[in-house]
Amino acid sequence: MTDRKSTMSASDDTAGFVAEQWTRVTGVGVDPHEYRRVTDGLASVADWGPAFLRTGREHLERAEDAGSPLSAGTHLLAAARWFHSATLAPYAEAARAAAAADDALGRALALLEPGARRVSGEGFTGWLRVPPAGRVGRVGRGGHGGRVGRGGDAVGTVIVVPGLDSAKEEFLDLASALLARGLAVFAMDGPGQGVLAASSVLVPEYEEVVGRVVDALGVPRVGLVGLSLGGYFAARAAALEPRVAAAATVSGPFRLDWDELPPPVQDMVVRRTGGVDAAREFARHVDLAGLAPRITAPLLVVDGGQDVIPGVTNGEPLARSAPRGAYLSVPHGDHLLGNARPDWLPRLADHLARTLTGA
């Protein structure tokens, strides 16, 4: 979903919109001081996209002038973050910004992680990243390893699933936490997401997408972590795709009630599904009541206590209904808990590492 606070009419309060996006954008990894400098100059929310796109291009220029591959790669990652963040406000050039984010991330990984490789297929694209050689762990009892691309052997593979208006470029800190624990990470865009949003629409049957991803990765089992609407996608896939051995959700909806959703959220669903009727039908599918009891893999459900979007039921019923579900509620956490990372990110990464390795 979108940040609960962005359900306001963005055009009515530029300063408010900027403040309310603070934890999400800085959580993406955008430098907070640079964020302040860029957003202080916005006259309206309509200026958000162009300003963020311009800042991303400045980082591309710095990458060209950098004195080392490390510096160049760092600027390219910053560019990817700014380009993705440009899409968080209504913006006619959102597709161009998403494509720029995708390109910058690929160029950054080519410099910083030569073992990373692009994997694409029907309805998905993303980057498979492997842990540094010094952090590759041993498979514990009951675990299943296997080679996951050039660069080393990982103790397991985790697929990171984005949400309604997020993308693979948004959760680089999560990927870093998983890589540090010896796990390989496939950060993806699915139908209607990220770089694929311009050419496809959201589909509720995300388990089919996950199945094709697992086939393409060539691993026997995976972990899944879904963020925002991606939490629904990950939980659904965990219920219906038998190769999912561990799962986690962050700010994921258990159920949506279309008539109660705020207009900005409805508008985003309409754009990402292709029309009002399709959006209503999509929202009707977002109900995990019948699927939660079928999730046999260990499941961690993370919610923020300050994440309250009308029409969205948070994840506590999912954790309660799943046979091996656990619930972590952070009282001060907002949507995606960008303001509370120490309270949940290490625990989530440990949950996936422990479950996939059997340690």
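Numbering of residues begins at 1 and proceeds along the displayed sequence.
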- [ ] Examine distances only and state if a side-chain atom of R280 and a backbone atom of G275 form a donor-acceptor pair shorter than 3.5 Å.
- [x] no
Task: Atom pair NE2/CG of H351 and L299 - distance to nearest 0.5 Å - done: 6.5 Å
Task: Positive for side chain to side chain contact (heavy atoms under 4.5 Å, CB included) with P162, one of M188, E170, H84, E169 - done: M188
Task: L172 CG to L109 CG distance, which is reported to the nearest 0.5 Å - done: 8.0 Å
Task: Cluster overlap V195 with V28, hydrophobic side-chain contacts below 4.5 Å - done: no
TODO: Look up atom CG in L318 and atom CZ in R255, then write down how far apart they are to the nearest 0.5 Å.
DONE: 14.5 Å
Open item on the list: Under a plain distance cut-off of 3.5 Å, with no hydrogens placed, do D65 and H75 share a side-chain donor-acceptor pair?
Closed with: no
- [ ] Indicate yes or no: at least one non-hydrogen side-chain atom of L336 is less than 4.5 angstrom from one of R341.
- [x] no
Task: Common cluster, L60/F52, ILVMFWY with side-chain heavy-atom separation under 4.5 Å - done: no
Task: Side chain proximity check, M268 to P90, heavy atoms < 4.5 angstrom - done: no
Open item on the list: A side-chain contact here means heavy atoms from C-beta on lying under 4.5 Å apart; do L112 and L77 qualify?
Closed with: yes
Task: R36 bridged to D31 by N-O distance under 4.0 Å - done: no
Pair up each side-chain donor or acceptor in residues 232-239 with any protein partner under 3.5 Å, not counting sequence neighbours, and list the distances.
unit_1: Y232; atom_1: OH; unit_2: R236; atom_2: NH1; d: 3.1
unit_1: Y232; atom_1: OH; unit_2: H285; atom_2: O; d: 3.0
unit_1: R236; atom_1: NE; unit_2: P204; atom_2: O; d: 3.1
unit_1: R236; atom_1: NE; unit_2: E207; atom_2: OE1; d: 2.6

- [ ] Answer yes or no: is there a side-chain heavy-atom contact under 4.5 Å between D40 and V38?
- [x] no
- [ ] Taking all non-hydrogen atoms of both residues into account, name the closest pair between A97 and T87 and its distance.
- [x] CB-CG2, 3.9 Å
Return a table of donor-acceptor pairs under 3.5 angstrom between the side chains of residues 321-328 and protein atoms on other chains or two or more places apart.
unit_1: S321; atom_1: OG; unit_2: P317; atom_2: O; d: 2.9
unit_1: R324; atom_1: NH1; unit_2: T296; atom_2: O; d: 3.4
unit_1: Y327; atom_1: OH; unit_2: D303; atom_2: OD2; d: 2.8

Open item on the list: When you compare the side chain of V250 with that of L348, does any pair of heavy atoms fall below 4.5 Å?
Closed with: yes
- [ ] Spell out, as yes or no, whether a donor-acceptor pair under 3.5 Å connects the side chain of R294 to the backbone of G290.
- [x] no
Task: Check: S71/S68 side-chain N/O donor and acceptor closer than 3.5 Å - done: yes
Task: Distance (rounded to the nearest 0.5 Å) between R347 CZ and L345 CG - done: 12.5 Å
Task: Nearest-0.5 Å distance, CZ of residue F124 to CZ of residue F186 - done: 5.5 Å
Open item on the list: Please tell me whether Y35 and W22 form a close aromatic pair, meaning their ring centres lie under 6.0 Å apart.
Closed with: yes
Task: Minimum heavy-atom distance between V45 and A89, given as atom pair plus value - done: CG1-CB, 3.9 Å
Task: Flag, side chain of N314 to backbone of D307, donor-acceptor distance under 3.5 Å - done: yes
- [ ] Report yes if the side chains of L337 and D343 come closer than 4.5 Å at any heavy-atom pair, otherwise no.
- [x] no
Task: Contact check, side chains of V269 and F282, non-hydrogen atoms, under 4.5 Å - done: yes
Task: Minimum heavy-atom distance between A216 and V119, given as atom pair plus value - done: CB-CG1, 3.8 Å
TODO: Classify the side-chain pair D334/T23 by whether it contains a donor and acceptor separated by less than 3.5 Å.
DONE: yes
Open item on the list: I need the minimum non-hydrogen distance between L183 and L352, along with the two atoms involved.
Closed with: CD1-C, 4.3 Å
Open item on the list: Tell me whether E113 contacts the main-chain N or O of G115 through its side chain, where contact means a donor paired with an acceptor under 3.5 Å.
Closed with: no
Open item on the list: Could you check whether any side-chain N or O of D189 sits under 3.5 Å from a backbone N or O of T125, counting only pairs where one atom can act as donor and the other as acceptor?
Closed with: no
TODO: Please name the pair of heavy atoms, one in A297 and one in A246, separated by the smallest distance, quoted to 0.1 Å.
DONE: CB-N, 3.8 Å
- [ ] Measure across W258 and A283 and return the closest heavy-atom pair with its distance rounded to 0.1 Å.
- [x] CE3-CB, 3.9 Å
Open item on the list: Can you confirm whether or not the ring centre of F17 sits under 6.0 Å from the ring centre of W48?
Closed with: yes
Open item on the list: Within the structure provided, determine whether L229 and L202 are in side-chain contact (heavy-atom separation under 4.5 Å).
Closed with: yes
- [ ] Would you mind listing every salt bridge (Lys or Arg N to Asp or Glu O under 4.0 Å) that reaches into residues 43-63, with sequence neighbours excluded?
- [x] E34-R62
- [ ] Check the hydrophobic clustering (I, L, V, M, F, W, Y; side-chain heavy atoms under 4.5 Å; chains of links allowed) and say if V25 and F83 are grouped together.
- [x] no
Task: Pair R272 + D267: basic N to acidic O under 4.0 Å - done: no
TODO: Calculate, to the nearest 0.5 Å, the distance between atoms CG and CG belonging to L174 and L227 respectively.
DONE: 6.0 Å
Open item on the list: Looking at G338, is its backbone amide N or carbonyl O close enough to the side chain of R24 to form a donor-acceptor pair, meaning the two atoms are under 3.5 Å apart?
Closed with: no
Task: Among K168, R107, R96, salt bridge (Lys or Arg N to Asp or Glu O under 4.0 Å) partner for D102 - done: K168
Task: Side-chain donor or acceptor of S200 paired with backbone N/O of G192 under 3.5 Å - done: yes
